[in-house]
2 protein chains.
Amino acid sequence: MTSVTVSVDVRDPTPPYEQIRRQVADRIGTGLLRPGDRLPPVRQLAADLGLATGTVARAYRELERGGWVHSRRGGGTRVATAPPVAASPGAALRDAARAYLERAAMLGADPAEAVEAVRRAALRR
Amino acid sequence: MTSVTVSVDVRDPTPPYEQIRRQVADRIGTGLLRPGDRLPPVRQLAADLGLATGTVARAYRELERGGWVHSRRGGGTRVATAPPVAASPGAALRDAARAYLERAAMLGADPAEAVEAVRRAALRR
DNA sequence: GGGGTTGTATTGATGCATTGACACAATGTG
DNA sequence: CACATTGTGTCAATGCATCAATACAACCCC
């Protein structure tokens, strides 16, 4: 039951509640967490991460405000039925590919070079 | 004189000094900023971003602590002669490709699919 | 050398994030 | 219906980030 797919880096100046918020939103946006999936109780996640329950509660509150999850007293917190972004691994892969191309362009590489770089990196595995 | 390639998002809970630190470190790591290149004076960058000079000074201090830049009173702040990471666009592109593959793997895509996704995304331009 | 530039340090004030403890409300379960 | 679970709210205390203003120190250039 190591479970939680969330971690907090205490050396990162980004507030812990925001680190949690981002990771959960990302996992929903990529479809790794799907509508209806249950998140850990605030107390449990807080204990796992070494945080106060209020901090995790803050993260869940922000996620709810963004439409990512839905919380109910006694009922726990679950991924919303209609998250704010298309949530499928396929769409996420397209997004990642597009972001990578943009990054490559910033580095002065044309699309062909970008593709080639991925091909080469894939071989190195 | 638009100049500075740095921006701060006030809605991001990440402290401004850290946002600046990351962007500058990234530009050095990608070779977009090269050893000896001059960074804006703290006062000017602070004015451009709407921050207090102390906040920018904090960012520069952290960058110096990390070996990214070197500051001298009256002499300004310049990119260090030997930044902590290999600083060339080529190396940065390889890093980006590797990171993209890792992300794709997290999304359940094998390397071949990952390459194909980039190829398709490149066509859409 | 002199004057402007630039990084650095300090101050007090303000707001936010977090902690730890506690209580309460709403839901689920036997 | 009881009881545990779970989210939520409150509280005071603590630390950090930021601001604005000021002063100082080291460097550059004419």
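Numbers restart at 1 for each chain; the letters A, B, ... are given by sequence-line order, proteins then strands.
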Exercise. Please check if the side chain of B:Thr55 supplies one atom and the backbone of B:Leu51 the other of a donor-acceptor pair under 3.5 Å.
Key: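 Side chain of B:Thr55 to backbone of B:Leu51: no pair is present.
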What residues, two or more places apart in sequence or in another chain, satisfy side-chain contact (heavy atoms from CB on, under 4.5 Å) together with [X]?
X       : result
B:Ala97 : A:Tyr100, A:Ala117, A:Val118, A:Ala121
B:Pro41 : B:Gln44
A:Pro13 : B:Pro15, B:Tyr17, B:Glu18
A:Ala25 : A:Leu63, A:Trp68

Quiz item: Any ring pair (Phe, Tyr, Trp, His ring centres under 6.0 Å) pairs touching residues 26-45 of chain B, not counting sequence neighbours?
Solution: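 The answer is none; no pair qualifies.
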Tell me, which pairs form a salt bridge (Lys or Arg N to Asp or Glu O under 4.0 Å) where one or both residues lie in [range], sequence neighbours left out?
range                       : result
residues 35-46 of chain B   : none
residues 52-66 of chain B   : B:Arg58-B:Glu62, B:Glu62-B:Arg65
residues 108-119 of chain B : B:Glu116-B:Arg119, B:Glu116-B:Arg120

Quiz item: Could you write nucleotides 1-17 of chain C as a row of B, S and -, 5' to 3', where a protein heavy atom under 4.0 Å of any base atom gives B, of only sugar-phosphate atoms gives S, and otherwise -?
Solution: ----BBBS--------S
Self-check item: Boundaries of the chain A footprint along DNA chain D (any atom under 4.0 Å from a heavy atom)
Solution: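 Taking any atom under 4.0 Å from a heavy atom of chain A, the span is D:dT5 to D:dT8.
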Exercise. Describe, as an angle rounded to 10 degrees, how the axis at the first end of the helix from C:dG1-D:dC30 to C:dT19-D:dA12 is tilted relative to the axis at the last end, five pairs per end.
Key: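 That helix has its two terminal axes inclined by roughly 30°.
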List, one per line, each side-chain donor-acceptor pair under 3.5 Å for residues 75-83 of chain A, sequence neighbours excluded.
residue: A:Thr77; atom: OG1; partner: A:Ser71; partner atom: OG; Å: 2.8
residue: A:Arg78; atom: NH1; partner: A:Gly36; partner atom: O; Å: 3.1

